[in-house]
Structure formats: structure tokens, C-alpha cells
Amino acid sequence: MKKEESIEFQAVRERIAKVAKAREAHALVVGRKDASVQELHKLTVERAVVWDRLRARERDIALTGGKMPDEPFPEDAEITRLDRHVRIGEDRVRDGEKKVAESQAGIRALIGELEESWIALGAATSDRLLQTFRQAAFALKDAQQAYLAVAYYFLRSWDAAAWKGFDGKLTVFDPVTRELILNPLHGQLPEKWTPGAQTLRKNMDGLRAEVDAVKSE
């Protein structure tokens, strides 16, 4: 797994691997069940052939007026043997079908866990991205209001050409709550500025006062 992948991303990969492994095991279970079905089919056909042969003997006796047999025919023993094999084969098929169903249920459960891990990945990723967005938005808000604090001195006074203008209507909403993070109306209200912008404004006031003081001496 890549080191830069999140825990949730790795969890999805792990669940994918589990489902893939379960499907491989399931294929073996299905293969054994199919083999038992084929074996049962073969036994059933063989028994039908022996049964037809036995009935042909009996019909021949009936039609030719032969003596009623008291001893079993060779086919009787063969049918007894095949009946037992068929019963065992049917048990094997039922057991195989049960195991296939259990395996399928296990795969469905693992797929459920995979989907849960996928949802967890989405939740964790969206949360991280939202936090990143909000941090960036608040940093933008702080920078924009600091810009306003300094623009007071350079946009309206002295050499305005030395100052680069900006869009005073810039607005940023929280993408989930729709709350205004960067409100252009607050640009006109210094008391609404961020602490960083207010501190910068005070520092600029103090520095400008020193400039004016030294000029007037």
C-alpha cells in the first residue's frame, strides 16, 4: 500500500482483497458442488440403464410365459448398490449446495463491510477537504481584511499608484453551512475584522504616527 494513502483508503483496499480472496474460495466450493452434481447425474443415468435392463428381463419372462423367478437377477444387486450410491450422492449435493449458500452469504457480508469502508472513506475525505477549505477560507478572510487595514493608508492617501487594487465584493461561503466566511460588508466595519487585521491596523497607525511625528520636527 502507498504510504501517502489515508487509513480509510487502505481499509477499502483491504476489504477489496478480502472479497477477492473469498470469491476464490467460493469458486472452489462451487466446483466441488458441481462435481457432486455431475457424479449424481452419472449415477442416476447408470441406475436408469440397469433398471431398464431389469424390466426388459421381467417383460421377456411375462411375454414368453417363462417361470416366475424366485432368485434375484444380477441387476437387482446392481440397483441396490446404485440406489445407495445415489442416496450418498444426493447427500453430497445437498451438502455442497449448503456450503455454496454459506459461502455466498459470507461474500455478501464482506461486500457489506466493503461498502461501509467506502462510505467511511467518503466521510473522512470530505471532512478533511472541508477542514482544508475552511482553513484556507479563514486565511483568505484574514488576508483580505489585513489588506483593507493597509489599504486605508495607500489606496486613499499618498501615492495610490503604488497600491494594487482588489475586488472589495469578494465573498466566500462555507460550502456546508452556507455561512458567510468572507463578508464584503465587514470590510467596511473595522470592528468586524479578524484580530490579525485589527492588530495590523493598530501597528500601521502607530508607524504612521511616527512617520508624521518625525516629519513635523
Side-chain angles (χ1 to χ4, degrees), residues 1-51 79-145 169-186 192 194-196:
M1 297 178 185
K2 298 179 181 179
K3 292 183 179 179
E4 64 269 20
E5 289 181 348
S6 67
I7 294 175
E8 295 81 12
F9 206 107
Q10 293 175 13
V12 173
R13 289 192 181 279
E14 290 172 0
R15 296 297 189 282
I16 290 173
K18 286 184 177 181
V19 172
K21 186 175 180 179
R23 288 199 182 282
E24 291 177 0
H26 180 72
L28 296 177
V29 173
V30 172
R32 287 192 290 269
K33 188 269 294 181
D34 289 345
S36 66
V37 170
Q38 291 175 1
E39 181 184 23
L40 177 59
H41 176 71
K42 181 180 178 181
L43 289 169
T44 302
V45 171
E46 187 177 353
R47 183 179 62 178
V49 170
V50 176
W51 177 258
I79 288 175
T80 299
R81 180 183 69 83
L82 289 170
D83 280 343
R84 181 179 296 111
H85 288 189
V86 167
R87 290 193 298 272
I88 293 172
E90 289 172 343
D91 287 340
R92 284 178 177 171
V93 169
R94 281 191 290 268
D95 182 64
E97 291 173 341
K98 178 182 177 183
K99 289 179 178 177
V100 167
E102 291 173 349
S103 179
Q104 288 175 331
I107 290 174
R108 285 194 296 270
L110 289 174
I111 290 175
E113 293 177 5
L114 171 59
E115 291 295 347
E116 289 176 1
S117 69
W118 178 256
I119 292 172
L121 170 62
T125 303
S126 64
D127 184 65
R128 282 194 292 270
L129 292 175
L130 180 59
Q131 293 304 317
T132 299
F133 178 91
R134 286 172 173 166
Q135 290 169 4
F138 280 109
L140 178 62
K141 175 182 179 180
D142 189 57
Q144 191 257 10
Q145 292 183 352
K169 296 181 181 180
L170 182 61
T171 304
V172 177
F173 287 90
D174 185 291
V176 174
T177 66
R178 300 298 296 167
E179 178 184 357
L180 268 175
I181 293 177
L182 182 56
N183 188 339
L185 296 178
H186 290 174
K192 294 287 188 180
T194 63

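- Here Leu130 contributes atom CG and Thr177 contributes atom OG1; the two are 8.5 Å apart, rounded to the nearest 0.5 Å.
- Interatomic distance, Ile16 CD1 to Lys18 NZ, rounded to the nearest 0.5 Å: 12.5 Å.
- Leu28 CG: more than 12 foreign heavy atoms inside a 6.0 Å radius.
- Residues satisfying the side chain to side chain contact (heavy atoms under 4.5 Å, CB included) test with Phe133, not counting sequence neighbours, are Ala137, Val172, Pro175.
- Side-chain contact between Leu182 and Thr171: absent, with no pair of heavy atoms (C-beta onward) separated by less than 4.5 Å.
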Side-chain donor/acceptor pairs under 3.5 Å, residues 80-87, sequence neighbours excluded:
| residue | atom | partner | partner atom | Å |
| --- | --- | --- | --- | --- |
| Thr80 | OG1 | Asp76 | O | 3.0 |
| Arg81 | NH1 | His85 | ND1 | 3.4 |
| Arg81 | NH2 | Glu78 | OE2 | 2.4 |
| Asp83 | OD1 | Arg47 | NH1 | 2.9 |

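- Crowding of Arg94 atom CZ: a count of heavy atoms from other residues, nucleotides or ligands under 6.0 Å exceeding 12.
- Among residue pairs with one or both ends in residues 24-36, those qualifying as side chain to side chain donor-acceptor pair (under 3.5 Å) are His26-Ser103; sequence neighbours excluded.
- Residue Val93 comes nearest to Leu40 through the heavy atom pair CG2-CD2, 3.8 Å, listed as atom of the first residue, atom of the second, then distance.
- Considering only heavy atoms from C-beta on, Ile181 stays 4.5 Å or farther from Phe173 through its side chain.
- Rounding to the nearest 0.5 Å gives a distance of 7.0 Å between OG1 of Thr194 and NZ of Lys141.
- Between Phe9 and Leu121 the shortest heavy-atom distance is N-CD1, 3.8 Å.
- Under the salt bridge (Lys or Arg N to Asp or Glu O under 4.0 Å) criterion, Glu39 pairs with Arg92, not counting sequence neighbours.
- Shown here are the side chain to side chain contact (heavy atoms under 4.5 Å, CB included) partners of Thr132, two or more places apart in sequence or in another chain: there are none.
- By the salt bridge (Lys or Arg N to Asp or Glu O under 4.0 Å) test, Lys99 is found to be paired with Asp95, residues two or more places apart in sequence or in another chain being considered.
- We find the CD-CD1 distance between Glu102 and Ile107 to be 12.5 Å, quoted to the nearest 0.5 Å.
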Compile the donor-acceptor pairs under 3.5 Å between side chains in residues 110-119 and protein atoms, sequence neighbours left out, one pair per line.
| residue | atom | partner | partner atom | Å |
| --- | --- | --- | --- | --- |
| Ser117 | OG | Leu114 | O | 2.6 |

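- Using a 4.5 Å heavy-atom threshold, the side chains of Gln104 and Arg108 count as touching.
- Among pairs with a residue in residues 124-137, those fulfilling salt bridge (Lys or Arg N to Asp or Glu O under 4.0 Å) read Glu8-Arg128, Arg134-Asp174, at least two apart in sequence or across chains.
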